[in-house]
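Input: a single structure, listed below in structure tokens.
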Amino acid sequence: MAFACLLLMAGRTSSTIESVDAYLTRAEDVRLTDHTRFAAMLAQIHAEKSSLTVAQQWRLRYLDAWEDQFTGQYAKAEAGYRDIIDRSGDSTLAAKSTGLLLSTLAATRRYEDAFHLAKRAVVLLGEVRDPMARYSLLANLSQTLNFAGHPEIALRYARMMADDVPPGETTCRPITLSLAARYSTHTLKPTDPDFSRGIEACTTAGQPVLANAIWLTQSELLVEAHEPQKALAILDQVAASVRETHYFPANVSMTVQRATAYQQLGRDDDARQAALAAVGMYEHADTDEYQRDAYKVLYEVEKRAGNMAPALSYYQKYAEQERGYLNDVSARALAYEAVEQRTLVQKLEAEKLSRQNDLLELEQAITLKAVETSRLYIALLAAVLGSVVFWLFRVKRSQLRFRELSHHDGLTGIYNHQHFMDELEAVLNDMSHRQAPVCLVMLDLDHFKAVNDTYGHSIGDAVLRHVVGLCQQHLRPEDVFGRLGGEEFGVLLPGCDLAQGTAIADAMRASLAASPVQIDGKVVSCSTSAGVAFSGTSGYDLKQLRRDADTALYGAKRSGRNRVVAVTTGGSLKA
Ligand SMILES: Nc1nc2c(ncn2[C@@H]2O[C@H](COP(=O)(O)OP(=O)(O)OP(=O)(O)O)[C@@H](O)[C@H]2O)c(=O)[nH]1
């Protein structure tokens, strides 16, 4: 973990060009390798700030933020980086600022913000075209993920960097970050060949901060492996360079390692001195693994010397640091998990929304389908009902028509023989019950065969219809009129005595005789004979009445036609 802290600020080197842009580039390049010069260049360019273009002013803002971060003014640095990310419109500068803001947030223990930003940075990775900006972003992501306790992901980012080293860059940073991640996995040995490869690459690249970080990692592993002599040899070798860079984490790490190594060697005074120097490097109360290790050395040394009071005091401080450090580690892990969970929840919510949307669309589709189906059903039902009604109507009409046909004569429309007889039965029955008078009149056209023969059958039909029409003019609603067949008709006259019945029969006869039919320009004369039977003489029996009426009719024919003959009392006929 010490190595992860050591790498929270990493830089690069470059060349000299004579222009504002070149000047800014040169300042950026030397910020780590020659920080004093960088600070001077920054002051110089601020003096000429008014002549800078907008793009150059944003670059200056970026260098200012970097300097704020380097000098520990994290709030100012963060404001600067966020300003650049949000407003500069320069994707390369925004990517670089995102990377550095990541390390600033981690350094100030705002882990949740840092990991949240790391999530955005991963998205940004796909958008950044500038190879260098992408490379830097990968580096910061690797550091942040390692810091969050996910060295395996950090290692993958470091390998992505190694696979795509931009022109002008070396393998220094990928190796450094890869070693840092591997250190966190506790699988790194101090003899790993990457140490020498990394130190050589970083030294060649003029990156003393990173080269020192690798050295210090190797010595740390040696201390942990209880090989203090070898560790001290490395520390002696890098001491000057570490002091020269003024990089705080490296300086404090080197001092604490030295204290531990001395203590392992039994050089307690040197150990005490180095450990006190390490804790003295902190201006503000803080908790980290360096102080923890320093207080542990102090506690061990004082305990061995029998100084129990200071030993106890150092032990308490050691315990505080240990607790603080562990809290910090778990805070990082918790923050990382919180961001992961939040991202997961957002993703799930988005999926849920999408699913709900799908469901809604499906429901709408189903509703539409249901509406369509209902409409179809309604239409179908209406059609079925319509056809049923139509069918019923037709059936009824057919029934009525059939009844009409079965009750009525097709040519004249009056009752046919059968229905006439049925009606007669009913009416006679009724008359009989009431003992009311009733007459039955039988009509038979005279020489109708001659009409057919002379004018044809169709004119004969027309004459038949004409006859019926004329007769109906003399009949009351309660009278029953029927065609018995051919040119023979019957009329039942309820409530009529013989005289009334005979009179009606004669009225019909006379009307017929006086009304020749005009058809197709032809005048056809027609007469009828009639026989009348009366209930008063024949009774209410249909057969008897019919028989008597027929007899009377026969009498009318026989006595010359075109006349009415009635059956009187005793069965005699009267014209
Ligand atoms: N045009 C037409 N002729 C019919 C119909 N039914 C019967 N006839 C005719 O009516 C005539 C009846 O003739 P007949 O029974 O000899 O009687 P008639 O000629 O009327 O002579 P009388 O009854 O003795 O006066 C026949 O020629 C039948 O063909 C019909 O529905 N239409």
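We count ligands from 1, going down the list as the structure has it; atoms in each ligand are counted the same way. Only a predicted model underlies this, so the values are computations on that prediction, with no experimental measurement involved.
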_Residue contacts for ligand 1, heavy atom to ligand atom, distance under 4.0 Å_ =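 Those residues closer than 4.0 Å to ligand 1 by some heavy atom are D444, L445, D446, H447, F448, K449, N452, H457, G460, D461, L464, R483, G486, E487, K557, R561.
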*So, R59 versus T25: side-chain donor-acceptor pair below 3.5 Å or not?*
yes
_Non-neighbouring partners of C172 that pass disulfide bond (SG atoms under 2.5 Å apart), sequence neighbours left out_ = C202
_Tell me the closest heavy-atom pair linking P166 and P131, and the distance in Å._
CG-O, 3.8 Å
*Tell me the side-chain hydrogen bond (donor to acceptor under 3.5 Å, both in side chains) pairs involving residues 459-475, sequence neighbours left out?*
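Pairs touching residues 459-475 that pass the test: H474-S511.
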*Under 3.5 Å donor-acceptor, K522 side chain and I459 backbone*: no
*Can you list every ring-ring contact (aromatic ring centres under 6.0 Å, His included) pair that touches residues 410-431, not counting sequence neighbours?*
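Listed by first then second residue: H407-H419, H408-Y415, Y415-H419.
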